[in-house]
Structures are given as structure tokens and as C-alpha cells.
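Each residue takes its place number in the sequence, starting with 1. Heavy atoms only: backbone and side chains are in, while hydrogens, waters and symmetry mates are out.
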Amino acid sequence: RHGLPTDQANLFAGVRKLGDAVVLMPLALIMVFQPRMASDHARGQRGHGLLWRSGLLVLALCGGAAVVFTVVPGFVLSLFAGDGFTDGGPLLQALSWAALPTTLGYVVMNYGLARKNARTSWAYLAAAVVYLGTLARCHGSLTQILVVEAACSCLALVLLLGTGLRARD
């Protein structure tokens, strides 16, 4: 078995917390739109307008965070993680952009669930299994981990788009 050296593992763990913030920020926003999407579906409305609005808001919020993390990563890391993590700027930049498709996937998944389409949950589970299986084999460097993160984030979004836009009755 091989893994990251201790210093890289610690850096990854510290920076990962801020990268996770990009993923977690839109959840409250998604939860605000989800009941409205469900009621629109119950009334026979397509609800794509809400999907677009929530998707654009999440993109603005998370994309904005990714831009800030890209422009001033040292400042963000110093502020939120401490001076010991300022070397993790490139890692924070990559993680925040790699997570962006996941946040959009959450919007599509909740849209599908609001429209009684449970296939979105299975699509997300499939992407998670691929992520865990790939990460179990490719975790020898930060670059490998970032590639796995980005690829699986994109895979999740594609699977969710393929399953989440259709309603089930």
C-alpha cells in the first residue's frame, strides 16, 4: 500500500475543509427550492424555470467562492485554516473547481427527487462507488487525488443530468 506522506496528508485534510465549503454552501439554497419544485410538479408544471434559477444561484455562489479561492488562496487559507496551510493554495484552487460540478449535481438531484424521480439517487450512488473504487487505487499523490475528484464530480453531474430531468408519475 502507498499513500500520501504525512505532511501532504495533513495539508490535504486542512485544505479539504475549505473545499468542502464550496460543496456545502448551496445545500440551504437547494432546500429552499426543492418544496417549490415538488409543488410545481404536483400541479403539472414543468418547473424548469426553478431548476435554472437554483442552478444559476448555486453556480454564482460556488463559482464565486472558487474564484475567490483562486485569486487569493493564501489569504483565504491564512484566515480560515491558519498560517500553516498557506502552501496549500494550488490545492485549494483545484479542489474548489473540482467540486463545482458536484454542487450543480445536487441541484439536479433534488430537482429529480422533487419530481418523484428516485433514479437520481442511484446515479449519485453509482458515481460515489466509482469515486471510492478509483480513489482506493489512485491515492499516491495529490495530483492523482485531484484528478479522481474532478473526474468523478463531472461523472456525477453527467449521470444526474441523464436521470434527473425526467419526471416520474
Side-chain angles (χ1 to χ4, degrees), residues 1-34 51-113 120-121 123-162 164:
R1 292 293 251 157
H2 61 282
L4 296 175
T6 303
D7 60 330
Q8 283 188 355
N10 290 338
L11 182 65
F12 182 76
V15 171
R16 179 63 194 222
K17 291 184 186 301
L18 284 172
D20 287 346
V22 172
V23 174
L24 296 176
M25 278 192 300
L27 292 180
L29 182 62
I30 291 168
M31 292 304 152
V32 168
F33 280 104
Q34 205 264 354
L51 173 66
W52 280 105
R53 277 189 297 207
S54 60
L56 288 174
L57 283 170
V58 165
L59 183 62
L61 184 66
C62 297
V67 167
V68 169
F69 291 173
T70 298
V71 174
V72 287
F75 172 74
V76 171
L77 285 167
S78 178
L79 182 65
F80 291 107
D83 291 333
F85 290 96
T86 54
D87 290 344
L91 178 60
L92 178 62
Q93 293 165 336
L95 276 174
S96 60
W97 289 107
L100 194 55
T102 299
T103 63
L104 295 172
Y106 288 156
V107 173
V108 175
M109 181 172 66
N110 279 284
Y111 175 78
L113 291 173
T120 57
S121 296
Y124 197 76
L125 177 62
V129 168
V130 169
Y131 171 71
L132 291 173
T134 307
L135 194 59
R137 300 204 36 87
C138 301
H139 60 270
S141 72
L142 289 176
T143 302
Q144 285 181 343
I145 292 171
L146 291 173
V147 168
V148 170
E149 290 265 343
C152 289
S153 183
C154 291
L155 172 66
L157 180 58
V158 167
L159 290 174
L160 289 165
L161 284 170

**Prompt:** Nearest heavy-atom pair of Leu18 and Phe69: which atoms, and what distance?
**Reply:** O-CE1, 3.6 Å
**Message:** Tell me every residue that passes side-chain contact (heavy atoms from CB on, under 4.5 Å) with Leu59, counting only those two or more places apart in sequence or in another chain.
**Reply:** Leu100, Leu104
**Sequence-distant partners of Thr102, side chain to side chain donor-acceptor pair (under 3.5 Å), two or more places apart** = Ser153
**Prompt:** With sequence neighbours excluded, what pairs up with Ala94 under the side-chain contact (heavy atoms from CB on, under 4.5 Å) test?
**Reply:** Leu146
**Message:** Run the side chain to side chain donor-acceptor pair (under 3.5 Å) test against Asp83 and tell me which residues pass, sequence neighbours left out.
**Reply:** Ser78
**Item:** side-chain hydrogen bond (donor to acceptor under 3.5 Å, both in side chains) contacts touching residues 56-72 (sequence neighbours left out)
**Value:** Thr70-Trp97
**Message:** Can you give me the closest heavy-atom contact between Ser54 and Val107, atom names plus distance?
**Reply:** OG-CG1, 3.4 Å
**Request:** Give, for atom CZ of Phe80 and atom CZ of Phe75, the distance between the pair rounded to the nearest 0.5 Å.
**Result:** 7.5 Å
**side-chain contact (heavy atoms from CB on, under 4.5 Å) against Leu56, all qualifying residues, sequence neighbours excluded** = none
**Prompt:** Taking only residues two or more places apart in sequence or in another chain, which ones pass ring-ring contact (aromatic ring centres under 6.0 Å, His included) with Tyr124?
**Reply:** Tyr106
**Gln93: side chain to side chain donor-acceptor pair (under 3.5 Å) partners, not counting sequence neighbours** = none
**Sequence neighbours excluded, every pair satisfying salt bridge (charged side-chain N to carboxylate O under 4.0 Å, His left out) that has a member inside residues 140-149** = Arg16-Glu149
**Complete:** Leu57 meets the side-chain contact (heavy atoms from CB on, under 4.5 Å) criterion, sequence neighbours left out, with Leu29, Phe33
**Among Asn10, Val76, Asp87, Leu77, the one residue meeting side-chain contact (heavy atoms from CB on, under 4.5 Å) with Val15** = Leu77
**Message:** With rounding to the nearest 0.5 angstrom, report the CG to CG distance, Leu92 to Leu11.
**Reply:** 10.0 Å
**Request:** Please say which of Leu159, Leu157, Leu160 ends up in a side-chain contact (heavy atoms from CB on, under 4.5 Å) with Met109.
**Result:** Leu160
**Message:** Going by side chain to side chain donor-acceptor pair (under 3.5 Å), name the residues that satisfy it together with Ser121, two or more places apart in sequence or in a different chain.
**Reply:** none
**Asked** Given the rule in the side chain to side chain contact (heavy atoms under 4.5 Å, CB included) test, do Tyr111 and Thr120 qualify, once you have shown the distances and angles that lead to the verdict?
**Response** CA-CA 9 Å; Tyr111 175 78; Thr120 57; over 6 Å; no
